[in-house]
Every structure is written in structure tokens, then in C-alpha cells.
Amino acid sequence: MQRKMNKYTGWLLDMYPHPGRGVALWLLCDDGKRRCLQQEFPVTFYAAGKPHRLRDLWKFLACQPMRIDLAREERKDLFFGSVVVLSASLDAPALLPELFLKLANHFPDLTFYDADLHVALRHAARHGTFPLARCHVAVDEQGFIRDFDILSSKWEFDHEAPPLNILTMETDVDPIHDKPGRIHFRSKRNCITLDLAKAKSNLGLIDYLLNQDDPDLIITSCGDTWLLPLLLSLAEEQHRSLSFNRDPAAQIHYKKERSYFAYNQIIYRGQQFHLAGRLHLDINNTVMYHDYGVDGVFEMARVTSLPIQTAARVSPGTGVSAMQIVKALENEILVPLRKEQIERPKTASQLFREDMGGTVYDPIIGLHEDVAEVDFFSMYPSIMVKFNISPETVNTRSPTADLVADLENMTQEKESGLIPQTLAPLLEKRYKLKQQLTALSRMDCRYKTYKANAAAHKWLLVTCFGYLGYKNARFGRIEAHEAVTAYGREVLLRAKEAAEDLGFRVLHLYVDGMWVKKPGSKKPKDFAPLIEEVQRRTGLPIALDGVYKWVVFLPSRRRKRIAVPNRYFGVFQDGEIKTRGIETRRHDTPAFIRETQMQVLEILAKACDEEDAKKYLPEIRALIRAKQNELRCGRVPPEKLVVHQTVSRTLNKYRAPVPAFSALQQLESAGKTLRPGQTIRLIHTLGLPRAHAWDAPGDFDLRRVNLPRYRRMLDRALETILQPFIDDETFWLNGAKQLAYDLPPSSNWATPAPSLALQT
DNA sequence: TCCTCACGGGG
DNA sequence: GTGTACGTGAGGA
């Protein structure tokens, strides 16, 4: 029987389990209509374990109210090879989470696979879908998709921009710190400002706006943490609806706030509101938004296959995990559950292993001229792909047994492993993007997008390595992690040998970078033979980061003769300044100190070498005097003295009376609680308490500013960058220190003190 | 001198 | 839905 089909072409906006059966897909069609389509999408999960327990499970599942297809199958586990499993398929993906929760309780002794996967990842593996993919679908009269074609690839890098209707909702001030008075709504059609005090009576207007604009994408600042909950609760009070969702049948998906430990620090993620049929991005709750913007979020979603609203709010670790899951599903490899976090003391051997991380050399302390920095392109991911390192390919007894042979032969014999297969297209895309970027003018409209995409990839690639060694990763294995670092060390050593064989002096090695110099080598082309030779000996892509006019490797502050690997600064031949590990790079350095250090660096950047720098010293001296004076006389705007710190624990967990503690206390007593991972803003004050919370209500007496402490910070920041240029230790202190400290603090701020004393 | 606390990189 | 490095620097007891 021939059925009538409607055919549509458009962009895939979003996907979620349909509350009935299958999945709901939102298509932004080329005719301008937004269509919600349904598709049959049975999902299968598996269980392995003792036969009698699998029989119990079979009986249990057979009694469930929904239809579940059961079968005995043989499938592949990445770590253990073939396993016998009970497979269970259900037509309604929406019911799986709840069902699985029950199973985990009743059958804790069974091993489940493919049971806790996002439906979008399954769909990506089965149909090749990804967010914003161009699709062609045939739909029957009931609105069910019968035929599905993907017209674009996530690995292209000129993605056609989908014609999204965007609505931005912003408040006049940042709601985290202040009380907003107004909300601005802006879209192509409308530009409206609403008085928040009257929000209650304006709910009808807001609903009208949402319906009339019918945005595909709502961009808010603090929509997750403040605006949406506020508007939704107002609406609830008045028993009226707000059309945030496009799909009236679906619920707004809410996730609660949490603090967690990752990247060796506490991270705070606010509560979330995911819409159905539209996309909501809260720019304050979007990972890396300030680094890569909407373009980067889209790219993150494309390559990970995670829905856009999810991709925006997860860490790169989850993104990497998603990519691996899709690849595993494609290869019909069972996906284990996300492992529980079990606190377990480390064994001595684990500790020993972890000490053998990346290769770090002690740099040669001091200033060096005409130095080239060459960096491996995404070294660890490149190693994983090149040497096929994956949990299932690595030799577990001796992970690096093939290291030397691999490096000699540079051949690929083994079948490519799961991790290399996942990484290879991503690496290739980023490599091409980087090549394009170097050729492209900054004015080119593609530049910004490429840059954002490359930044999104960078994060995924960096995290992928760490994930191999993470004991709770689904596809992690410590031996694979070790193999990567072992290859990394060998590769870097070979690079060093190559440099020395070509007559270069190696000044520093750091994880995936090398600093070299040779008399007579000044121009980028002078280093081309080295690049070529390193590539020949390691088989890995490497590039010249640039040639420094001069670069300074800093000694440890505690032990002046010991070098530290990651504190350095320098100026490239094009005038670009690069700094690492010094005050400008730290998030807890107040703006005044950061800006001053940067200004001095900008003066130094004009010098072409150490000798030349001397003629800029008077200019620097004058700048420092001016800055010291500004500070002493209270002319530094207090907001430039504000220190931003990450709160690492709750108030009662602090053992030392540090400034953050005092500031937290003040906020607490004002009724504002900060969760671990959130940022606190404070000003150092004299006496006790040691700090004033910048966001505490009430006026702050500017005379309480701890000027000596800021002065110390200033002096230190200047010393960091000036020490190689100045023999005379009194240069930047020069009596001014004494004078500043002699002034009674109460005489500052209000009336600028005469600065006569500082004039020489 | 020891303890506590926060940060880094990447672009 | 998450990488429990590790070394440095700073402040305070």
C-alpha cells in the first residue's frame, strides 16, 4: 500500500525522547517552518552475569507494563572480548531511565551495558545525526519519520549557518552581584525593556513575545540561575503559562546546581533549564562561552553529538566520553556504565606511576635572545592516533614494549583502536582549521568561527588524554595513559637530540614544547630544517610557535638558583608578548597589579635585546613611580584592587582565617551563600577582618584598604619581570616603599596626598 | 619553619 | 554526568 509522504529538508535543531514512543526531532525546515517530528526509535540495553540471575532478570522484565523484547546474544566488551548477554529492547526511550534505576536496585550483581546513554548519542550512532546537521526526511501522515538522510558531515569545516531566530534576554546589571531593575528583550523584530518590578503584570506581554518571535535560540545572562526560575515561579503564582517550550507536550528539563571536583579544583555549575523545541543558552552557565561563544558551543555539539543545550553546559570530559560512546556503538562494542566514584586510597605504585608524567626539564635561568619555540601539535592525542594507543590495544604487562620499534618503523599494523578512531577525525579537522587560520586574514568573516571551533576542539583533545588515566572513565585504562606519557617523553627526547645534532642549544623542554637557539639563527626560516628533522625522527606534526626577540626563564622565588619550568615571559619578533605562570596570568591578581605588570612588559617589548632594554628603563621608572603614587594617594579605583578567588569549601571547612573566609562570613551574614566553586570578590583590608566582601551590602570605608599589602603585591609583580634587566636592587623600591608605608592609611582615598615626596 | 590555601594550561 | 597532578607562592601562627 502506497502511503502519502511529506518530504522536508532542513537543520536538526534538537532531539529528545518522545513522551510516548520513539524520539521527538525538531527540524528547522527550509520553508521556514519549525516542525516537531516523531520517529520510531527502539533502544536496547544489555546485562551480563550469572545465568540464573539473568533468568531472574528476564522474568522481571517480562512482567513490566511496557513492551520489552528480550533475547540472548553474544556481544563484544572492549576489555573482555565476547560476552553472553541478555538484550532488552523497548520502544519508548523515555521509559528507560526509570526502568534502569529499578534494575540497578534489584540486580546490583549484574553488569549492565548501554543502559545509561543519552538518546542523542544512540541516534548519532545509528543514523549519523548530529546537532545542526542538514537532513532530508520523509514523513508519513501521522508525523512519523519513515526515511532519514543526513546531507552534511560534522567533519566539514565550512558549516552553513542555520537561519536561527534568536531572542536575547539580558538584565541591566549582573544578578549574581546586584539587584537588576530591568530586563531587555531583543530579537530581529522586537526590542523591549521591561521594568522588573512590574514583571508580574507583564507576564502576558512576555508570553506574547515568546509566541510572536518564536525564537529557536534564547540567549540569556543568568537565565538558568535567576531569570527563568523567577519568571516561571511568577507565572505559577498566577496560574498562567509561559511559552518557553515550543513543544507544549514536553516539560522544561530542570537540573539542579552542584559543585564537583574536576581539573584539580572545585567547579560550580548552577541549576539548568533546558527547553523543548527551542534552545536556551545561559551565557553565565555555559562552559568557555567567553572563549568561544555560540559558534564554539555549536561546534562542541556537532563533534560530540550531544544536544546543544547539553553540550553548552558540560565539561570537555563529558564531551570526550560522548564521542567515545558514539564510536563504540558504531563498532558494536558494549558501553559500560559510568562508574561510581569510589574513594580509595592510592597504592604506592600508583603514586609512583603518576609522578612520571610529562617531561619537564629545568630551563636555563635568565634572559635569552633569538630563541625559537617549537611545539608539537596536540602531542598526546597525536601520539594516541599515531601509535594506536587505546585501552584494548595497549600491552598491559608492559605498556611501552613496542615503543622503540614503533618509533623506528612508523608503521601502522594493528587494527585501529577505539580511542584513536574517535580522535583521528577530530585531530584532522583541527589541523586543517589551524592551517586555514594561518592563511586567513583576521578580517575574514570565517576567522572568528574557525578560531572558536579550533578552541572547542583543543579542549576535547587535551581532556581525552587525561580521560585515559581516569579510573572512572568508561573507556579508561591506566596502562594506556602510561604508554602515552612514555611515548611523549621519548618523542621529546628525540626532538632534543635532533636539535642538538643540528647545532642548536636546547634551553628548555616542557611537556610538548622546546625552546632552542643557535648563533646566526634569527628568522623563522632558519628553524625550518629543525622542524623538518624533528618531524622525520618522531613522525609527529610540530610547528614553530615563533621566534622570541628575547625570553626570560624565571628562578624559583624561594630558591633563587633553582629554575621553575612554567614561569617565563618573552616577546616574539612581531611584538606579541607571551607570559606563563606570572602574576598577569593568575586569576587572583587584582586588575591594578595585572595592568601595571602588563604596561611595563609592553614597554620592555619595544626592546630588541637585553642591551636595548636599558634605554627604556627611565620610561619604566617613571611609570612605576606614577603607579606607586596612584596607589599611595588613593587614586586607584577600588574595583581595580578587587581580588577574585574561587571558593574551595563551605564556611565551616576553613581552618585558617584567610581573607576569603572573612569575606564569605560577611556575605553569609547578609544572607548570600556562595557554593564551593563560585567566585568571591574581596578587597584586602587592614586589621581584622582581613578582607571586605565586595558584594556585601552597605558602604565600604575606603580608608580600610590594606595599602601596604597591595604595595607588596605591586613590588613583587614588578620584581618578577624586571629582575633580569636591573642589577640595582633598589631601582623599583627606591625609598618610595618607605614613604608609602609611613603615611597613615586614613589620609588616603578621600583627599589625594601631595606627591612631592616621590619626585626626584 | 610549618601549615593552609589558591593557582596553573589552552587560546 | 565529574581528571582527586603537584609544585609554587603567599600569608600567618
Side-chain angles (χ1 to χ4, degrees), chain A residues 116-118 121 255 258-269 272 288 290-292 296 306 310 313-322 325 337-346 350-351 353-358 360 375 378 434 437 451-474 476 481 485 510-513 545 554-559 562 564-567 578-583 585-589 643-649 653-661 677 679-680 684 690 706 709 712-713 716 720:
Chain A
D116 59 348
L117 308 181
H118 202 295
L121 301 184
K255 289 186 170 185
R258 49 194 199 93
S259 295
Y260 57 88
F261 199 95
Y263 310 97
N264 209 37
Q265 58 175 331
I266 299 274
I267 293 178
Y268 174 80
R269 181 106 303 136
Q272 306 176 9
M288 306 279 297
H290 297 289
D291 291 270
Y292 57 51
L306 288 168
T310 308
R313 294 167 173 90
V314 298
S315 74
T318 307
V320 165
S321 187
I325 288 167
L337 298 182
R338 182 176 60 88
K339 291 172 200 156
E340 294 303 319
Q341 259 194 358
I342 310 159
E343 202 86 34
R344 210 186 289 144
K346 287 188 177 177
Q350 267 177 313
L351 283 170
R353 274 204 293 260
E354 278 157 13
D355 278 340
M356 322 246 305
V360 175
D375 295 327
S378 283
K434 294 286 267 189
L437 272 170
K451 199 94 184 162
N453 293 356
H457 299 161
K458 170 103 222 168
W459 270 102
L460 290 170
L461 290 168
V462 166
T463 312
C464 191
F465 161 66
Y467 231 58
L468 261 187
Y470 177 42
K471 64 178 183 301
N472 291 326
R474 295 182 203 243
H481 189 266
T485 50
Y510 189 67
V511 188
D512 61 356
D545 197 39
L554 289 167
S556 160
R557 250 191 214 289
R558 298 164 156 199
R559 295 163 295 171
I562 309 284
V564 287
N566 53 358
R567 278 168 62 84
K578 180 166 180 174
T579 64
R580 289 295 178 268
I582 66 171
E583 288 81 353
R585 303 282 299 190
R586 293 179 64 103
H587 290 136
D588 59 351
T589 303
V643 172
H644 296 238
Q645 270 182 346
T646 310
V647 176
S648 63
R649 60 204 75 204
K653 294 277 164 55
Y654 277 91
R655 283 168 296 179
V658 292
F661 173 77
T679 302
I680 192 158
H684 293 298
R690 282 185 236 284
N706 190 339
R709 184 162 182 170
R712 228 160 30 234
M713 290 166 87
R716 254 197 313 262
T720 301

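Below, chain A is the first sequence line, B the second, and so on; all start at residue 1. Every value quoted in this text rests on a predicted model; they were computed, and no experiment measured them.
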Between A:Thr646 and A:Gln265, a side-chain donor and acceptor under 3.5 Å: no
A:Tyr292 versus A:Ala452, closest heavy-atom pair with distance: O-CB, 3.4 Å
Nearest heavy atoms of A:Val647 and A:Ile680, plus distance in Å: CG2-CB, 3.8 Å
Gap in Å between the two P atoms, one belonging to B:dG9 and one to C:dA10, rounded: 16 Å
Interatomic distance at P, B:dG11 relative to C:dT8, whole Å: 24 Å
Close side-chain approach of A:Thr679 and A:Tyr268, heavy atoms under 4.5 Å: no
With sequence neighbours excluded, residues passing side chain to side chain contact (heavy atoms under 4.5 Å, CB included) with A:Leu117: A:Asp114, A:Arg122, A:Ile325, A:Leu329, A:Val335, A:Arg474
Contact under 4.0 Å: A:Arg557 side-chain N or O vs C:dG11 OP1/OP2: no
C:dG7 phosphate, OP1 or OP2, under 4.0 Å from A:Ser556 side-chain N/O: no
Sugar-phosphate only, base, or nothing, as touched by A:Arg558 at under 4.0 Å among non-hydrogen atoms: base
Sugar-phosphate only, base, or nothing, as touched by A:Arg313 at under 4.0 Å among non-hydrogen atoms: nothing
Nearest-0.5 Å distance, CG of residue A:Asn706 to CZ of residue A:Arg712: 7.0 Å
Atom-pair distance (CD1 on A:Ile267; C1' on C:dG3), nearest Å: 9 Å
Nucleotide-resolved protein contact map, nucleotides 5-11 of chain B, B/S/- at heavy-atom distance under 4.0 Å: SSSBSBB
